[in-house]
Amino acid sequence: MPHLALYTFGVLKSPLADPAPLTRELHDSGEAIYPQISRHPGYLAHAEAADGSRGTHFDLDWGAWGEFAVPTWYGKGHTVETTALAATLSLWTDLRPAFEAVYTGLHREALNRRYDWFERTGHPAYAFWWIPDGVIPTWQDGVSRLEHLHAHGSAPHAFTFHHPFAPEGTPTRFADKED
């Protein structure tokens with residue numbers, strides 16, 4: 001049975017290393033959100049550094065998730081002092097559990113504050129795509145799907161909650177969808 005891959009990407013208003021209160025709030029919210037999402041029914045896995053270390057996304061060994069990559073529109077830094085991004089890559093059983101995890105609880109509260117932390121880039125913030133069971137998506141897969149979504153809109157190759165596709169590539173309806 002295929003699984004659903006989800007890549008999210010946002011450009012922060014200030015670098016992650018910025019000691020400002022808003023940056024601290026974003027970091028603290030992530031520390032609480034990730035454990036909650038990982039316990040959500042339908043969640044399978046997310047990209048984590050292979051050795052559990054912390055640092056910039058660019059310097060970490062992501063193991064099977066591949067080398068970290070960013071969309072072409074990201075123009076900020078790549079060092080500890082200048083990195084200003086938030087990105088996730090995860091696997092889900094289906095759209096419904098992913099939707100429920102994103103639009104409920106602590107993650108929903110964070111979404112309500114996203115414009116406090118993130119720039120409005122005019123680019124999509126996330127993309128879904130179906131993958132065969134046993135396949136681990138890479139960061140580069142996520143970037144190429146997000147860029148495809150931006151260039152071509154929702155399609156079986158990359159789609160959103162608002163315009164979803166079934167694993168066989170046909171458009172599908174998804175009740176209670178949001179964008």
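Bear in mind that the values here come from a model prediction, so they are computed numbers and not experimental data.
Applying the salt bridge (Lys or Arg N to Asp or Glu O under 4.0 Å) rule to Glu25 yields the partners Arg113; only residues at least two apart in sequence or on another chain are considered. Asp59 is linked by a side-chain hydrogen bond (donor to acceptor under 3.5 Å, both in side chains) to Thr56, counting only residues two or more places apart in sequence or in another chain. Residues satisfying the side-chain contact (heavy atoms from CB on, under 4.5 Å) criterion with Leu60, sequence neighbours excluded, are Ala49, Ser53, Trp62. Contacts of Ala155 classified as side-chain contact (heavy atoms from CB on, under 4.5 Å), with partners at least two apart in sequence or in another chain: His148. Here Pro71 pairs with Tyr7, Phe9, Trp73, Val143, Leu146, Glu147 under the side-chain contact (heavy atoms from CB on, under 4.5 Å) rule; sequence neighbours left out. For the salt bridge (Lys or Arg N to Asp or Glu O under 4.0 Å) test, no residue two or more places apart in sequence or in another chain qualifies with Asp51. For Glu48, there are no salt bridge (Lys or Arg N to Asp or Glu O under 4.0 Å) partners, not counting sequence neighbours. With sequence neighbours excluded, the residues satisfying side-chain contact (heavy atoms from CB on, under 4.5 Å) with Leu44 are His3, Leu91, Thr93. His150 pairs by the side-chain hydrogen bond (donor to acceptor under 3.5 Å, both in side chains) definition with His123, not counting sequence neighbours.
Under the 4.5 Å side-chain heavy-atom criterion for grouping Ile, Leu, Val, Met, Phe, Trp and Tyr, Leu6 is not connected to Tyr34 through any hydrophobic cluster. Linking ILVMFWY side-chain heavy atoms closer than 4.5 Å, directly or via other members, places Trp130 and Phe99 in a single hydrophobic cluster. Hydrophobic clustering, with ILVMFWY side chains joined whenever heavy atoms are under 4.5 angstrom apart, groups Ile136 together with Ile131. Grouping the Ile, Leu, Val, Met, Phe, Trp and Tyr side chains by contacts below 4.5 angstrom, directly or via other members, places Tyr103 with Trp92.
Looking at heavy atoms from C-beta onward, Phe128 lies out of side-chain contact with Phe165 at the 4.5 angstrom threshold. Inter-residue side-chain proximity for Leu149 and Ser154 is flagged as met; some heavy-atom pair is nearer than 4.5 Å. Counting heavy atoms from C-beta outward, Leu106 and Gln36 have side chains that approach closer than 4.5 Å. Side-chain contact between Leu85 and His57: present, with at least one pair of heavy atoms (C-beta onward) separated by less than 4.5 Å.
The two residues Tyr126 and Thr8 make their nearest non-hydrogen contact at CB-CG2, 3.9 Å. Looking at every heavy atom in both residues, Ile37 comes nearest to His107 through CD1-CD2, 3.8 Å. When all heavy atoms are compared, the tightest approach of Gly30 to Pro35 is O-CD, 4.3 Å. Across all non-hydrogen atoms, the minimal contact from Gly63 to Ala50 is N-CB, 3.8 Å. In terms of heavy-atom proximity, Trp129 sits nearest to Phe159 at CA-CE2, 3.8 Å. Taking both residues in full, the closest heavy atoms of Pro15 and Ala84 are given as CA-CB, 3.8 Å, listed atom of the first, atom of the second, then distance.
Residues in residues 2-17 take part in no salt bridge (Lys or Arg N to Asp or Glu O under 4.0 Å) pair, two or more places apart or across chains. Residue pairs satisfying the salt bridge (Lys or Arg N to Asp or Glu O under 4.0 Å) criterion with at least one member in residues 69-87, sequence neighbours excluded, are listed as follows: Lys76-Glu119.
Distance alone, capped at 3.5 Å, is enough to place a donor-acceptor pair between the Thr104 side chain and the Glu100 backbone.
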Stepwise, does the side-chain contact (heavy atoms from CB on, under 4.5 Å) test hold for Trp65 with Leu89? CA-CA 8 Å; Trp65 301 89; Leu89 182 57; 3.5 Å; yes
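Remark: Asp141 does not engage Arg145 in a salt bridge, criterion side-chain N to carboxylate O under 4.0 Å.
Judged purely by distance below 3.5 Å, without hydrogens or angles, the side chains of Gln140 and Thr138 never pair a donor atom with an acceptor atom.
Alongside Trp117, the hydrophobic cluster contains Leu12, Leu16, Leu22, Leu26, Phe118 (criterion: ILVMFWY side chains under 4.5 Å).
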